[in-house]
*Asks:* 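Have a look at this one.
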Amino acid sequence: MSNIIVPNHPLRLGVVGNPISHSMSPQLHQQFAQQLTINIQYGKICPTAKGFNRVLNDFFQSDGYGLNVTAPFKQQALQYATIITQRAEDSQSVNTLVKTKEGILGDSTDGIGFVKDLHHKQLDFNNKRAVLLGAGGVARCIAQALLLDGFEVYLINRTQSKAQAMANALQHLGPIQLYSDDIAVDLVVNSVSFNAEQFLPQIQFDKSSVAYDLNYGAKSKSFLSAAKDYTQQQFDGLGMLIEQGAEAFGLWTGKYPDTSNIQL
């Protein structure tokens, strides 16, 4: 990407979110930088919703180069970016910002990070049918990436109208619709933060099915524990976190880290 400005080292990077103290992005990107011998300064930024644009303007005007964006700012980052990629437009979400000669580029690496983690785990799906729990911002990123990877995507959400709106917005990418209980799926992806296990009994699973919770750590435990009764394998979202970070790092530097030995 020739329009990206590579400034003098060290690269000034960061993650913006609220809350942000729990973020593992600094450790992650320091490991990437060390591996590729790139000098970076990586900080945490915690603005208010009202202060978001001002804080980002300050960052980019004072030698800031690239940002990861986490909750609750991915939609605000979409509005902030002056150029957005196709996948960010389809996802209606931006989790990576980078200064370019044309302005601030916004991209979404969540979906590709998720699919890359599936591939790295060498999961083999019989019919490539996924049921996605939830219809929020991150769910849309995942649905978009699954469709591009050749999956049929089925949606379950507490508010059906929200799921239907998401299906309508993404149907140009492939088969996506509300879930009905006579369809056997081999992947269930949870994007909601709590009580997702309530949906498991209504899903028909293929015999070699996989459960994947986009949450990680303690937040993923109750869903993945319940999913053991329905699925052969269960994974949390730590691998996706690493892979989406690697995609962002590649966007900033043109160099893609090896994610196989990252320790978080």
*Asks:* Counting distance only, does the side-chain N/O of Gln27 pair as donor-acceptor with the main-chain N or O of Leu264 below 3.5 Å?
*Replies:*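 No.
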*Asks:* From Asp186 CG over to Asn126 CG, what is the distance, rounded to the nearest 0.5 angstrom?
*Replies:* 5.5 Å
*Asks:* So, Asn95 versus Thr109: side-chain donor-acceptor pair below 3.5 Å or not?
*Replies:* yes
*Asks:* Do Asp181 side-chain atoms and Gln202 backbone N/O form a donor-acceptor pair below 3.5 Å?
*Replies:* no
*Asks:* With side chain to side chain contact (heavy atoms under 4.5 Å, CB included) as the test, would you mind laying out the steps for Phe249 and Leu36 before giving the verdict?
*Replies:* CA-CA 11 Å; Phe249 198 87; Leu36 295 165; 3.6 Å; yes
*Asks:* Before giving the answer on side chain to side chain contact (heavy atoms under 4.5 Å, CB included), spell out for Tyr212 and Asp117 the whole-Å C-alpha distance, their side-chain angles and the decisive distance to 0.1 Å.
*Replies:* CA-CA 11 Å; Tyr212 194 113; Asp117 191 41; 2.7 Å; yes
*Asks:* Under 3.5 Å, sequence neighbours excluded: what are the donor-acceptor pairs made by side chains of residues 71-84?
*Replies:*
from	atom 1	to	atom 2	distance (Å)
Lys74	NZ	Asp110	OD2	2.7
Gln75	NE2	Gln92	O	3.0
Gln76	NE2	Ala49	O	3.0
Tyr80	OH	Asn57	N	3.4
Tyr80	OH	Asn57	OD1	2.7
Thr82	OG1	Ile104	N	2.7
Thr82	OG1	Ile104	O	3.1

*Asks:* May I ask you to decide if Pro47's main-chain N or O and Asn18's side chain share a donor-acceptor pair within less than 3.5 Å?
*Replies:* yes
*Asks:* With rounding to the nearest 0.5 angstrom, report the OG1 to CG distance, Thr96 to Leu67.
*Replies:* 9.5 Å
*Asks:* A side-chain contact here means heavy atoms from C-beta on lying under 4.5 Å apart; do Gln244 and Leu241 qualify?
*Replies:*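 Counting from C-beta outward, Gln244 and Leu241 do come under 4.5 Å.
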*Asks:* The criterion is ring pair (Phe, Tyr, Trp, His ring centres under 6.0 Å); which residues satisfy it with Phe125, sequence neighbours excluded?
*Replies:* Phe151
*Asks:* Could you tell me whether Asp149 and Lys128 make a salt bridge, using a distance below 4.0 angstrom between a side-chain N and a carboxylate O?
*Replies:* yes
*Asks:* Hey, could you give me the CZ/CG distance between Phe223 and Asp213, rounded to the nearest 0.5 Å?
*Replies:* 6.0 Å
*Asks:* Relative to each other, are the rings of Tyr230 and Phe205 parallel, tilted or perpendicular (30° and 60° limits)?
*Replies:*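 Ring orientation of Tyr230 relative to Phe205: tilted.
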*Asks:* Starting from the C-alpha separation in whole Å, work towards a yes-or-no answer on side chain to side chain contact (heavy atoms under 4.5 Å, CB included) for Leu238 and Met24.
*Replies:* CA-CA 10 Å; Leu238 194 60; Met24 292 196 277; 3.6 Å; yes
*Asks:* Should we say atom CD of Gln160 is surrounded by more than 12 heavy atoms from elsewhere, each under 6.0 Å from it?
*Replies:* no
*Asks:* Roughly how far, to the nearest 0.5 Å, is CD1 of Ile262 from CD of Gln31?
*Replies:*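 Between atom CD of Gln31 and atom CD1 of Ile262 there are 4.5 Å.
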*Asks:* Counting only N and O atoms by type, is there a donor-acceptor contact under 3.5 Å from the side chain of Thr100 to the main-chain atoms of Glu102?
*Replies:* yes
*Asks:* Which atom pairs, donor and acceptor, lie under 3.5 Å between side-chain atoms of residues 134-142 and protein residues at least two apart or in another chain?
*Replies:*
from	atom 1	to	atom 2	distance (Å)
Arg140	NE	Asp90	O	2.7
Arg140	NH2	Asp90	O	3.1

*Asks:* Compare all side-chain heavy atoms of Ile203 with those of Tyr154 and state whether any distance is below 4.5 angstrom.
*Replies:*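 SC-SC contact between Ile203 and Tyr154 ruled out.
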*Asks:* What verdict does the side chain to side chain contact (heavy atoms under 4.5 Å, CB included) test give for Glu247 and Lys116, after you've listed the backbone C-alpha separation in whole Å, the side-chain angles of each residue and the deciding distance to 0.1 Å?
*Replies:* CA-CA 10 Å; Glu247 286 291 309; Lys116 281 199 167 180; 2.6 Å; yes
*Asks:* How long is the gap from CZ on Arg12 to CG on Asn39, to the nearest 0.5 Å?
*Replies:*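 That separation rounds to 14.0 Å.
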